[in-house]
Amino acid sequence: MRIDRELLSGSALQVAPVLLGATLVSSIGGAEVLVRITEVEAYEGALDAASHAFRGQTKRNAVMFGEAGRLYCYFVYGMHWCANITCGRPGTAAAVLLRAARILDGEPVAQARTVARTQSRHSPAKLASGPARLARVLGLTGEHTGLDLLDRRSPVQLTALPAAGAEPPADYRTGPRVGVAAAAEHPWRFWLPDEPSVSAYRPGGRKRVAATRQTDAP
DNA sequence: TTGTCGATTGAG
DNA sequence: TCAATCGACAAT
């Protein structure tokens with residue numbers, strides 16, 4: 001089934017599981033890489049303390065407030081790019097972080113991009129295991145933010161959903177987001193079972209617990 | 001203008 | 001377990 005914008009216009013929580021199993025193709029740099037999404041995370045707007053859009057619109061997160069189906073890439077830890085697909089209605093911020101994928105075609109290109117950055121090779125299953133690794137094999141950086149993934153002329157396109165169509169896959173798993181301290185109580189991570197590319201879980205970083213006030217409040 | 005920290009990764 | 005490495009944003 002073809003992916004349309006309406007399908008992506010729901011909340012991040014609704015859209016995230018639907019993207020599991022979808023295929024994404026990048027022809028950036030003249031080399032084609034095709035992947036099947038195996039792991040994602042939902043990020044809402046004002047109601048999600050872990051979202052880049054939590055404190056309102058800024059230059060960086062502006063695309064999250066626009067129409068669904070656009071690419072949102074951000075730079076993190078001074079060296080990595082991570083990619084999201086925007087969702088929700090215009091005016092409402094929401095996006096789905098692409099955390100891992102299985103490489104269906106273009107593995108040599110993916111491997112070459114990895115070696116170029118790390119000086120070392122990865123096993124096929126790990127080439128796109130993790131948001132920064134996935135963005136790397138696809139050649140995605142900040143300059144690609146805003147690209148319409150539903151436009152056939154775009155160098156990066158969301159091509160198709162699995163046979164099930166607009167429904168989430170029959171079998172998938174959910175859990176807390178990886179490396180996110182805020183709003184950790186919600187299962188906003190979705191992944192396909194038995195997929196070697198799915199990244200390892202890691203609890204959120206320091207939450208800087210408000211003072212080590214062990215004693216009870218007055 | 002300055003200081004803090006991050007939706008991570010790879011080496012040790 | 002920890003360093004790398006820098007842009008965004010809140011605080012000054």
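- Checked against B:dG10, C:dG7, B:dT8, the side chain of A:Phe75 finds its nearest nucleotide in C:dG7.
- Side-chain proximity of A:Tyr77 to B:dG10, B:dG6, B:dA11: nearest is B:dG6.
- For B:dA11, the OP1/OP2 oxygens have no side-chain nitrogen or oxygen of A:Thr118 closer than 4.0 Å.
- Of the candidates B:dT9, C:dA4, B:dA7, B:dA7 carries the atom nearest the A:Tyr74 side chain, counting heavy atoms from C-beta on.
- Atom CD of A:Gln119 is separated from atom C1' of B:dG10 by 12 Å (rounded to the nearest Å).
- The local environment of CZ in A:Arg5 is crowded, with over 12 non-hydrogen atoms from other residues, nucleotides or ligands closer than 6.0 Å.
- In this structure, A:Leu140 CG and A:Leu147 CG are separated by 8.5 Å, a value rounded to the nearest 0.5 Å.
- When only modelled atom types and interatomic distance are considered, A:Thr38 and A:Arg102 share no side-chain donor-acceptor pair under 3.5 Å.
- Residue A:Arg189 is out of contact with every strand shown, counting any heavy-atom pair closer than 4.0 Å.
- Searching all strands for a Watson-Crick or G-U wobble partner of C:dA10 with both distances below 3.5 Å returns B:dT2.
- Around the CG atom of A:Asp171, the shell of radius 6.0 Å holds more than 12 heavy atoms that belong to other residues, nucleotides or ligands.
- The nearest whole Å value for the distance from the CH2 atom in A:Trp81 to the P atom in C:dG7 is 9 Å.
- Between A:Tyr72 and A:Tyr74, the ring planes lie tilted relative to each other; the angle falls in the 30° to 60° range.
- If you run side chain to side chain contact (heavy atoms under 4.5 Å, CB included) between A:Arg99 and each of A:Ile37, A:Leu134, A:Val178, A:Val40, only A:Val178 comes through.
- Residue A:Arg99 places at least one side-chain N or O under 4.0 Å from the OP1 or OP2 atom of B:dT8.
- Regarding A:Met79, its CE atom lies at a distance of 15 Å from the C1' atom of B:dA7, rounded to whole Å.
- Pairing of C:dT5, defined by two Watson-Crick or G-U wobble distances under 3.5 Å, is not identified with any nucleotide.
- A straight line from CZ of A:Arg133 to C1' of B:dG10 spans 8 Å, rounded to a whole angstrom.
- Between A:His80 atom NE2 and C:dA8 atom C1' the separation is 17 Å, expressed in whole Å.
- Atoms CZ (A:Arg117) and P (C:dA4) sit 15 Å apart, rounded to a whole Å.
- The distance between atom NZ of A:Lys126 and atom P of B:dT9, rounded to the nearest whole Å, is 11 Å.
- In A:Leu47, the CG atom is not crowded: 12 or fewer heavy atoms of neighbouring residues, nucleotides or ligands sit closer than 6.0 Å.
- As rounded to whole Å, 7 Å separates atom C1' of B:dG10 from atom NE2 of A:His122.
- Taking every heavy atom of residues 36-67 of chain A and every atom of DNA chain C, pairs under 4.0 Å involve A:Arg55, A:Thr58, A:Arg60, by number.
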